[in-house]
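This report refers to the structure that appears directly beneath it.
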Amino acid sequence: MTMKRLLAILPLLTAANAYAGDFIRDAEPAVLEVHYTRTEITDTTKRATNFFKEETMLRIGNNMSRYCSVPKFYRDSLYHFNSALYFETERIAFESCSDPIERDSKTLERNGRYWDVIYKNYPAGKTTVTSYFEATYWKYEEDWEKPQWEIGDSTKMILGYECVEATSDFRGRKWTAWFAPDIPIQEGPWKLCGLPGLILEAADARMEFHFLASGLKQNGLAEVGFLCDNERRGINNVSRDKFFNRWWAYTNANFGAKMSAMFGKGPNHVDSEMSEPNHDKEETNYPHDL
């Protein structure tokens with residue numbers, strides 16, 4: 001079986017098995033699925049080269065929603081329901097590329113680079129986030145906070161819908177969103193929500209994060225619920241601040257030292273250009289303890 005053919009069956013496999021109770025907990029029927037292209041700048045000093053785009057998915061139910069990476073969701077689904085096929089696809093992909101840098105890049109593209117999963121109103125009145133970094137699965141829960149929006153007069157067309165501009169200062173960034181009043185669902189990508197219509201595009205003022213809807217689906221949807229595979233592997237339940245502190249230290253604080261050690265300068269030597277943090281999360285209003 002070719003790699004192309006193996007990858008082509010992933011959505012079918014996922015759709016067929018996504019209802020399994022040991023994969024999704026507290027499942028409920030989905031009423032809408034929205035796909036977004038998510039763009040993230042990973043180094044603000046090298047915007048032209050240090051960024052990645054990834055297909056993400058917002059699946060909306062009557063009571064809750066889940067926002068996650070599409071390739072990661074397919075990868076996790078395949079691993080859960082047919083691990084032999086998963087390892088076979090990985091083997092074929094590995095053997096098809098001899099260049100290690102290109103191979104790593106394709107692996108990230110295939111399995112996803114965006115590992116946060118956002119659950120709004122789960123449990124009721126809360127937002128739950130799971131993620132993976134530092135070779136650890138993480139989970140935190142917080143009160144469900146909705147942005148306070150100021151609706152403007154500008155409009156634009158997205159996916160054939162007339163969308164209205166709105167702005168908000170939310171979680172340390174100024175956001176501009178475009179929502180479709182003709183889709184009266186107060187949802188959107190990431191933690192953005194609360195407008196009188198579905199958010200089809202959003203970006204922060206510094207354009208470090210950008211979400212653009214690429215498609216809508218109403219029929220033949222799998223259920224929406226909590227993906228519980230990570231809990232069986234062992235998950236670290238922490239507070240929101242603890243989660244962001246650990247992510248910040250992992251992503252930024254040790255980078256210069258790691259690079260210096262890699263190039264033989266010793267663990268205590270840190271070049272200024274290596275130690276300057278140039279990357280943060282969508283939300284920045286947390287204690288940046290280093």
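Keep in mind that what you see is a predicted model, and the values were worked out from it rather than measured. Scope of the values below: all heavy atoms of this structure, side chains included, with no hydrogens, waters or symmetry mates.
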Could you pull out the closest heavy-atom pair between [X] and [Y], with the gap in Å?
{"X": "C68", "Y": "F73", "result": "SG-CB, 4.2 Å"}
{"X": "G234", "Y": "Y137", "result": "O-CB, 3.7 Å"}
{"X": "T42", "Y": "F51", "result": "OG1-N, 3.7 Å"}
{"X": "M207", "Y": "I41", "result": "O-CG1, 3.5 Å"}
{"X": "V70", "Y": "T56", "result": "CG2-C, 3.7 Å"}
{"X": "K146", "Y": "F170", "result": "C-CE1, 4.3 Å"}

Quiz item: If you count the non-hydrogen atoms of other residues, nucleotides and ligands that lie under 6.0 Å from OH in Y161, is the total more than 12?
Solution: no
Look at the side chain of [X] and the backbone N and O of [Y], then say whether any donor-acceptor pair between them is shorter than 3.5 Å.
{"X": "R66", "Y": "G225", "result": "yes"}
{"X": "N121", "Y": "G125", "result": "yes"}
{"X": "E28", "Y": "N62", "result": "yes"}

Rounded to the nearest 0.5 Å, what separation is found between the [atom1] atom of [X] and the [atom2] atom of [Y]?
{"X": "M64", "Y": "F226", "atom1": "CE", "atom2": "CZ", "answer": "8.5 Å"}
{"X": "F179", "Y": "T155", "atom1": "CZ", "atom2": "OG1", "answer": "10.5 Å"}
{"X": "K191", "Y": "E142", "atom1": "NZ", "atom2": "CD", "answer": "4.0 Å"}
{"X": "M157", "Y": "W178", "atom1": "CE", "atom2": "CH2", "answer": "12.0 Å"}
{"X": "D169", "Y": "Q148", "atom1": "CG", "atom2": "CD", "answer": "11.0 Å"}
{"X": "Y67", "Y": "L192", "atom1": "OH", "atom2": "CG", "answer": "9.0 Å"}

Would a 4.5 Å heavy-atom cut-off, applied to side chains only, mark [X] and [Y] as touching?
{"X": "K174", "Y": "T167", "value": "yes"}
{"X": "L58", "Y": "E33", "value": "no"}
{"X": "E165", "Y": "T176", "value": "yes"}
{"X": "C193", "Y": "Q186", "value": "no"}
{"X": "Y114", "Y": "K72", "value": "no"}
{"X": "L200", "Y": "L216", "value": "yes"}
{"X": "E187", "Y": "I199", "value": "no"}
{"X": "W115", "Y": "F133", "value": "no"}

Quiz prompt | Single hit among V117, D116, T136 for side chain to side chain contact (heavy atoms under 4.5 Å, CB included) with S131 | solution = D116
Self-check item: Sole candidate of R240, R171, K242 that passes side chain to side chain contact (heavy atoms under 4.5 Å, CB included) when paired with Y286
Solution: R240
Quiz prompt | Residues R173, E282: salt bridge by 4.0 Å N-O rule | solution = no
Quiz prompt | Basic-acidic side-chain contact under 4.0 Å: R38, E54 | solution = no
Could you state whether [X] and [Y] fall into the same hydrophobic cluster, counting links through intermediate Ile, Leu, Val, Met, Phe, Trp or Tyr residues with side-chain heavy atoms under 4.5 angstrom apart?
{"X": "V31", "Y": "L198", "result": "yes"}
{"X": "L212", "Y": "Y36", "result": "yes"}
{"X": "W144", "Y": "I118", "result": "no"}

Quiz prompt | Verdict with supporting geometry, Y122 and K120, side-chain contact (heavy atoms from CB on, under 4.5 Å) | solution = CA-CA 5 Å; Y122 181 82; K120 292 198 282 287; over 6 Å; no
Exercise. Please work out which of the three classes, parallel, tilted or perpendicular, describes the rings of Y140 and F243, given edges at 30° and 60°.
Key: tilted
Practice problem: Describe, in one word, how the ring planes of W248 and H288 are oriented to each other, choosing from parallel (under 30°), tilted (30 to 60°) and perpendicular (over 60°). | Solution: perpendicular
Quiz prompt | Set of salt bridge (charged side-chain N to carboxylate O under 4.0 Å, His left out) partners for K156, sequence neighbours left out | solution = E201
Exercise. Only pairs at least two apart or in different chains count here, so list each salt bridge (Lys or Arg N to Asp or Glu O under 4.0 Å) that has a residue in residues 42-53.
Key: R47-E208
Practice problem: Please report the C-alpha distance between F211 and W190 in whole Å, then the side-chain angles of each, then the deciding distance to 0.1 Å, and finally whether the side-chain contact (heavy atoms from CB on, under 4.5 Å) criterion is met. | Solution: CA-CA 9 Å; F211 310 90; W190 180 57; 3.9 Å; yes
Exercise. For salt bridge (charged side-chain N to carboxylate O under 4.0 Å, His left out), just list the numbers for D143 and K126, CA-CA rounded to whole Å, side-chain angles, deciding distance to a tenth of an Å, and then say yes or no.
Key: CA-CA 4 Å; D143 291 337; K126 301 288 184 178; 2.6 Å; yes
Exercise. Check the pair L32 / I183 against side-chain contact (heavy atoms from CB on, under 4.5 Å), numbers first and verdict last.
Key: CA-CA 10 Å; L32 182 66; I183 309 176; 4.3 Å; yes
Quiz item: Would V224 and I60 satisfy side-chain contact (heavy atoms from CB on, under 4.5 Å), going step by step from the backbone distance to the final call?
Solution: CA-CA 7 Å; V224 58; I60 306 167; over 6 Å; no
